[in-house]
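Shown next, in structure tokens, is the structure this report addresses.
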Amino acid sequence: MATYPGKDIEREASCASCAACGQTTLAPAEAAAAAWEGPAARIVAVEPESPADDAGFTPGCYLTTVDGEPLRDIIDWRWLAADDVICVGYIDLDGEAGEVELEREPGERWGFEFDGVLFDSVKLCRNACVFCFMRQLPDGVRPSLVLRDDDFRLSFLSGTFVTLTNLKPEDEARIIEQHISPLRVSLHASEPELRRRMIGKHAAHGLASLDRLLAAGIEAHAQIVLMPGVNDGEALRETLEWAWERPGINGVGIVPLGFTKHQTALHESFTTPEAARGVIDVIAPFQQRARAERGTPWVFAADEFYVNAFGAATPAHIPPASDYGDYDMFEDGIGIVRSYVDEFEEVCENGLAARAAEALAARNLTARYIIGEAMQPFLDAMIAASPLAGRLVPLTVRNDYFGGNVNVTGLLTAQDIAPAIRKESGRNQASSEEEGSASSREQGSDGGRSNRASSAANGNVQWTFPQSEDCLSELECPAALPGQAEGNRQLFLLPSVIFNDNGVTLDDMTVQDIENAAGAPVSVVSCNPCDYLPEIIKLAQDEP
């Protein structure tokens, strides 16, 4: 799944929410921009001593045109502002509109920083894909998670995939004129009727648009969401042959169907070793031909296929790093395992893993790194054979929030993470013992802690636990947990991929919320070994 450009999507969803609730309180510049007939680019920062600064622009102003042309997005800005003398239309902080000429030295920056990359509305999806993940989300999620964008500009700028089914002739003309390339295109199937059944009545329009763009020199990366018994097997071979005949398609990524428990139509993907290996076998001849003729595998199976096929032996079967090139399909789950395995081997060879293990041992610490079930089969085995054995212990968390076959770390939520940490830290046991002590005290006995507080009543935590799992007011861990040496303590580590740019999880929880609910301190660290091991060393050294 691609990472969405959060600022633009969040703003679009926020604007829709404000319109729905009738919010009308706006600053003069905002009100004038909202009333402007065309798009307006909000300025959030101005570089000192730049042409923008010299002209008197400040954060909160808007740009509306460049040389009389509307400014729809950052692509327009780069295209229209390429000269060293331009005339920009603006709206100032008082809401007044005007124009001013700007001039710069060759190579000098204009000095504007804008709020996001889109200055008009996000182009929305008009399809009815049977596998759409956004239609499978639970009720009550924040609006930005269910805003279904299908915007060719975000495809070019941020790597999201689009179907091209909503392209107008003027969109195609603009893509060709400004050479907005490469695009990332959702292909799924080439056979017209199968494609229509999968994504809806506009399917043919998308393929026709893609062919016209390819003929005009636009390049594309294609993606196939593979559904068992639908577009796999012979249908997949036909789709790959169709794509191979179009040299402008630089590569094809194949990702397995993802489904949640919040729907009833989908219940099967390529989770068995036999099913996953079947897909790998189908693409192997295409990869062999592509290596010989184009010097690249060209078609790539998502890491999930290899993990499901080979389990703990995945590192021995995942393709080499040379196959993945610049890892330009990384956000789609293609190449992540290879990159991680290579980095882990590197930190073991250069001594970083050993240094991290020594730093943890010096403080009697065990680092508990939160992961989704997708990584568990091979990561446990890798760590067990490394210097970090017994000191870096993954804490595998099942994704009950989404359910289905969702098992990647990046889609974990606080509602699943906090109880897992709570259980591992001994909080459940401590709470139960406290209740027993409280019962004894009622009979005149003394002992146990009596100062308790529910962390669900603090912060923004939006769920509750049974009384026996109520969070304690103090965040100390038990002296020893079952299976641990006396005095061994745990560091709970959350990979940064769990949080968005605003520092919240998919269920809108912050790090503090997770600490409150788990009853234990947590730390956010990076996602790859070369970065998170130095962070672990620093955390260990800072521990008393």
Side-chain angles (χ1 to χ4, degrees), residues 1-20 26-27 29-46 52 57 59-67 69-82 86 88-91 110-127 134 142-168 170-186 209 213 218 331 500-502:
M1 178 178 294
T3 298
Y4 283 76
K7 183 175 292 187
D8 297 282
I9 299 298
E10 292 281 355
R11 182 175 61 247
E12 184 79 13
S14 175
C15 289
S17 299
C18 289
L26 298 173
E30 294 174 320
W36 187 257
E37 292 184 357
R42 184 172 180 269
I43 300 167
V44 295
V46 175
F57 285 100
C61 297
Y62 290 80
L63 292 190
T64 56
T65 59
V66 176
D67 292 334
E69 297 293 328
L71 200 56
R72 296 164 290 189
D73 46 57
I74 199 70
I75 303 173
D76 269 347
W77 170 250
R78 294 169 182 170
W79 181 263
L80 297 170
I86 58 175
V88 297
Y90 65 83
I91 296 173
W110 288 114
F112 294 105
E113 181 179 335
F114 299 109
D115 183 19
V117 296
L118 303 183
F119 311 144
D120 57 4
S121 298
V122 174
K123 298 180 185 299
L124 299 179
C125 179
R126 63 173 183 169
N127 300 316
M134 292 183 181
R142 61 177 177 267
S144 60
L145 295 180
V146 292
L147 190 145
R148 298 190 301 130
D149 63 287
D150 198 13
D151 198 313
F152 70 87
R153 301 168 299 175
L154 296 182
S155 177
F156 173 68
L157 293 167
S158 306
T160 62
F161 279 88
V162 292
T163 64
L164 306 179
T165 59
N166 62 356
L167 285 193
K168 299 176 181 178
E170 54 265 35
D171 294 325
E172 291 187 25
R174 181 191 176 193
I175 291 171
I176 295 169
E177 178 191 7
Q178 296 184 344
H179 199 72
I180 301 175
S181 176
L183 297 175
R184 293 179 177 263
V185 179
S186 296
S209 291
L213 293 174
I218 301 301
E331 296 293 347
N500 69 5
D501 291 341
N502 295 322

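The first residue in the sequence is number 1, and the count goes up from there.
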For the student: nearest non-hydrogen atoms of Glu172 and Ser209, plus distance = OE2-OG, 2.8 Å
Atom pair OH (Tyr62) and CZ (Arg42), whose distance is rounded to the nearest 0.5 Å = 5.5 Å
Check the pair Trp110, Val88 against side-chain contact (heavy atoms from CB on, under 4.5 Å), reporting the backbone distance first and the verdict last.
-> CA-CA 11 Å; Trp110 288 114; Val88 297; over 6 Å; no
Heavy-atom closest pair, residues Ile218 and His179 = CD1-ND1, 3.8 Å
Heavy-atom closest contact (Ser186 atom, Thr163 atom, distance) | CB-CG2, 4.0 Å
Atom pair CG (Asp149) and OG (Ser121), whose distance is rounded to the nearest 0.5 Å | 12.5 Å
Of all heavy-atom pairs between Cys125 and Asn127, which one has the smallest distance, and what is that distance?
-> SG-N, 3.3 Å
Go through Val117 and Ile75 one step at a time and tell me if the side-chain contact (heavy atoms from CB on, under 4.5 Å) criterion holds.
-> CA-CA 8 Å; Val117 296; Ile75 303 173; over 6 Å; no
If you measure from the Lys or Arg side-chain nitrogens to the Asp or Glu carboxylate oxygens, is any gap between Asp73 and Lys123 under 4.0 Å?
-> no
Flag side-chain contact, heavy atom, 4.5 Å: Leu154 against Leu118 = yes
Do Phe119 and Trp77 make the cut of ring centroids closer than 6.0 angstrom?
-> no
Look up atom CG in Leu183 and atom CG in Leu167, then write down how far apart they are to the nearest 0.5 Å.
-> 8.5 Å
Show the numbers, then the answer: is there a side-chain contact (heavy atoms from CB on, under 4.5 Å) between Thr165 and Arg126?
-> CA-CA 8 Å; Thr165 59; Arg126 63 173 183 169; 4.2 Å; yes
Taking all heavy atoms of Asp171 and all of Asn166, pick out the closest pair and write down the distance.
-> OD2-O, 4.0 Å
What do the steps show when you test Val185 against Phe161 for side-chain contact (heavy atoms from CB on, under 4.5 Å), and what is the final call?
-> CA-CA 5 Å; Val185 179; Phe161 279 88; 5.5 Å; no
The reported gap from CG in Leu71 to CG in Leu63 (rounded to nearest 0.5 angstrom) is 6.5 Å
Sub-3.5 Å donor-acceptor pair from the side chain of Ser155 to the main-chain atoms of Thr160, do we have one?
-> yes
Taking all non-hydrogen atoms of both residues into account, name the closest pair between Ile91 and Ala29 and its distance.
-> CG2-O, 4.1 Å
Between CZ of Arg174 and CG of Asp76, what distance do you get to the nearest 0.5 Å?
-> 4.0 Å
Counting only heavy atoms not in Glu170, do more than 12 sit closer than 6.0 Å to its CD atom?
-> yes
CH2 of Trp79 to CD of Glu177: how many Å apart, nearest 0.5 Å?
-> 5.5 Å
